[in-house]
2 protein chains.
Amino acid sequence: MTSASQRRLEARQAREATLLGLAQRILLEEGYLGLTMDRLASESGYAKGTLYLHFKNKEDLICALLHQFQVHRMELFDRVQGLELPHRARMMALGLAAESFVLGYPENARIEPILKMASLRNKASLERREALEAIETHCMERILGEAQAASLAGELPGPADTVVQPLVLGLWSLHVGFNVLHNLESSCCGPLPPGTPRHPHAAMFPVAQRLLDGYGWRPLSHEFDYSSLRTKLIRERFFAEAGALLES
Amino acid sequence: MTSASQRRLEARQAREATLLGLAQRILLEEGYLGLTMDRLASESGYAKGTLYLHFKNKEDLICALLHQFQVHRMELFDRVQGLELPHRARMMALGLAAESFVLGYPENARIEPILKMASLRNKASLERREALEAIETHCMERILGEAQAASLAGELPGPADTVVQPLVLGLWSLHVGFNVLHNLESSCCGPLPPGTPRHPHAAMFPVAQRLLDGYGWRPLSHEFDYSSLRTKLIRERFFAEAGALLES
DNA sequence: GCTTAACTTGACGGACCGTCACAATCTGAC
DNA sequence: GTCAGATTGTGACGGTCCGTCAAGTTAAGC
């Protein structure tokens with residue numbers, strides 16, 4: 001029946017959510033090496049075979065976890081749309097959202113590199129891979145949209161088709177690269193230049209500003225107090241759920 | 001005595017080099033999942049126990065491989081020192097060297113993410129981890145040195161202690177993040193904005209220029225033809241060994 | 001209540017890592 | 001030349017973890 005299969009479906013989804021929540025907890029407490037399918041099975045109370053009804057394999061589970069995390073990032077990104085600010089200021093807010101996400105969901109960085117390896121990523125099911133990519137694309141498009149709007153409004157000089165795309169790619173790369181490096185540093189003083197602030201995310205802010213200045217995106221950093229806006233958003237806990245650590 | 005132990009040591013080092021070369025070949029031909037200790041043992045003709053005389057564990061082998069690759073990058077970086085050019089132009093040449101490395105040693109990107117995970121990186125032996133970090137630091141310091149020299153020469157405005165370090169970190173992040181994203185894209189059209197050039201490395205060049213412009217590093221991009229210099233270096237095959245693909 | 005379909009289980013096979021007791025080889029003194 | 005002792009090499013083995021599947025259990029429909 002409809003109601004019967006409906007109930008089944010809901011139960012299934014609820015169980016999947018439980019499993020993902022548990023996986024997240026194990027990941028946080030025991031690290032990546034502590035997260036095994038056997039353990040997830042025994043701690044969840046379900047048999048291993050049941051796990052494989054939800055996840056094609058371990059990489060698929062990782063992919064699902066990553067998806068879960070990045071949904072939160074997307075929500076933070078979407079929140080920026082409600083801010084009445086110049087495009088460049090909103091772009092800065094997107095950067096702050098990305099920072100908040102990194103701080104609020106440290107488990108994300110623990111497992112992200114796994115799927116950065118093509119051979120492992122391709123082991124996950126197509127649906128999950130596409131779902132994850134869809135989220136990432138959505139975030140990317142928020143950034144892209146802001147830059148395009150600025151270009152259209154004449155605040156970002158130069159032809160849109162040769163300026164917008166590289167700029168966005170640059171910002172995104174900056175963010176990704178930064179987190180990769182920071183992730184190393186926290187574990188074993190990796191290849192970061194000496195003197196990097198304790199919250200490297202805060203260190204990223206001025207660099208991004210310079211990049212945008214380099215593109216001539218108005219208002220330039222000396223024409224608008226982006227720094228104050230940044231601290232104001234933090235003080236007001238605009239990204240509170242994820243970025244509670246931002247104030248420290 | 002000395003000559004005997006000398007010979008032994010040399011034989012050992014030669015064997016290690018053979019093993020690493022073989023590992024690289026397997027990695028290239030079969031991908032990461034094809035590279036197992038058993039396989040390396042059987043293909044090399046040595047027993048598995050012998051491998052473990054050289055490498056503490058698999059992560060240690062990965063670390064050694066990565067080290068081997070990055071030595072080549074360092075050599076490319078060091079070559080830039082011989083160029084008689086403004087500091088900013090030399091910085092650009094360093095970027096080109098990094099691109100060449102990425103193109104010339106694709107296996108590097110295959111395994112790099114593994115050690116980006118702290119829990120796995122820490123499994124490698126301390127010596128190798130430190131050796132790898134030393135190389136990375138060396139490359140970083142080449143970049144840092146160029147920026148510091150520029151700052152000292154008055155070509156890079158602002159106080160050195162608040163400008164140089166973030167700038168270098170930004171460039172490095174840009175490079176790292178770019179490669180991470182590109183690596184994804186090549187496998188499964190990951191989260192890159194549409195229209196990214198086929199050789200994303202070439203796409204990184206103008207972004208870095210804008211960033212340096214944002215810092216006001218003289219000569220600015222409209223005061224010096226960095227683009228021509230770039231193509232000239234490529235044409236002259238200045239980084240030929242690694243960057244043969246650059247011309248395509 | 002009974003048949004059939006859907007779901008769940010955990011023992012099992014297999015891949016791979018890393019070890020260790022034993023074997024082979026080398027060294028240097030006599 | 002030879003032999004004890006040290007060094008180096010071996011591959012079978014134990015352990016961990018992944019993913020499967022035949023057998024068992026529950027629920028649905030009639």
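Letters go in sequence order (proteins before strands), and every chain restarts at 1.
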Checklist entry - Do the ring centers of A:Tyr105 and A:His72 come within less than 6.0 Å of each other? => result yes

Next on the checklist: What is the distance, to the nearest angstrom, from the OH atom on A:Tyr52 to the P atom on C:dC12?
Outcome noted: 18 Å

Checklist entry - Is the shortest side-chain N/O distance from A:Thr36 to OP1 or OP2 of D:dC17 below 4.0 Å? => result no

Checklist outcome for this item: Only residue of B:Arg128, B:Arg121, B:His67 satisfying side-chain hydrogen bond (donor to acceptor under 3.5 Å, both in side chains) with B:Glu133 is B:Arg121

Next on the checklist: When you measure only distances, ignoring hydrogens and angles, does the side chain of B:Lys58 come within 3.5 Å of the base of C:dG18 through a donor and an acceptor?
Outcome noted: no

Item to check | Candidates C:dT8, D:dG19, D:dG9 - which lies nearest the side chain of A:Leu53 | outcome: C:dT8

Next on the checklist: Rounded to whole Å, please give me the gap between CG in A:Leu33 and P in C:dG18.
Outcome noted: 11 Å

Next on the checklist: What is the separation between atom NE2 on B:His54 and atom C1' on D:dT7, rounded to the nearest whole Å?
Outcome noted: 14 Å

Checklist outcome for this item: From CE of B:Met37 across to C1' of D:dT10 the rounded distance in Å is 15 Å

Checklist entry - In whole angstroms, how far is the P atom of C:dC17 from the CZ atom of B:Phe55? => result 13 Å

Item to check | Euclidean distance, atom CG of residue B:Leu51 to atom C1' of C:dG18 [Å, nearest integer] | outcome: 11 Å

Item to check | Sugar-phosphate only, base, or nothing, as touched by A:Lys56 at under 4.0 Å among non-hydrogen atoms | outcome: nothing

Checklist entry - Expressed in angstrom and rounded to an integer, what is the separation of B:Asn57 atom CG from C:dT19 atom P? => result 8 Å

Item to check | Check ion pair B:Asp38-B:Lys48 (N to O, under 4.0 angstrom) | outcome: yes

Item to check | Per B:Glu59 side chain, nearest of listed nucleotides D:dG19, C:dG18, C:dT9 | outcome: C:dG18

Checklist outcome for this item: Of A:Arg15 and B:Asp38, the one whose nearest nucleotide on DNA chain C sits closer to the 5' end is A:Arg15

Next on the checklist: Looking at B:Glu43 and B:Arg25, is any side-chain nitrogen of the basic one under 4.0 Å from a carboxylate oxygen of the acidic one?
Outcome noted: yes

Item to check | Length of the CG-P vector between A:Leu61 and D:dG19, whole Å | outcome: 10 Å

Checklist outcome for this item: Shortest non-hydrogen pair, B:Arg129 vs B:Ala124, comes out as NH1-O, 3.2 Å

Checklist entry - Would you say a side-chain N or O of A:Lys48 is under 4.0 Å from OP1 or OP2 of C:dC12? => result no

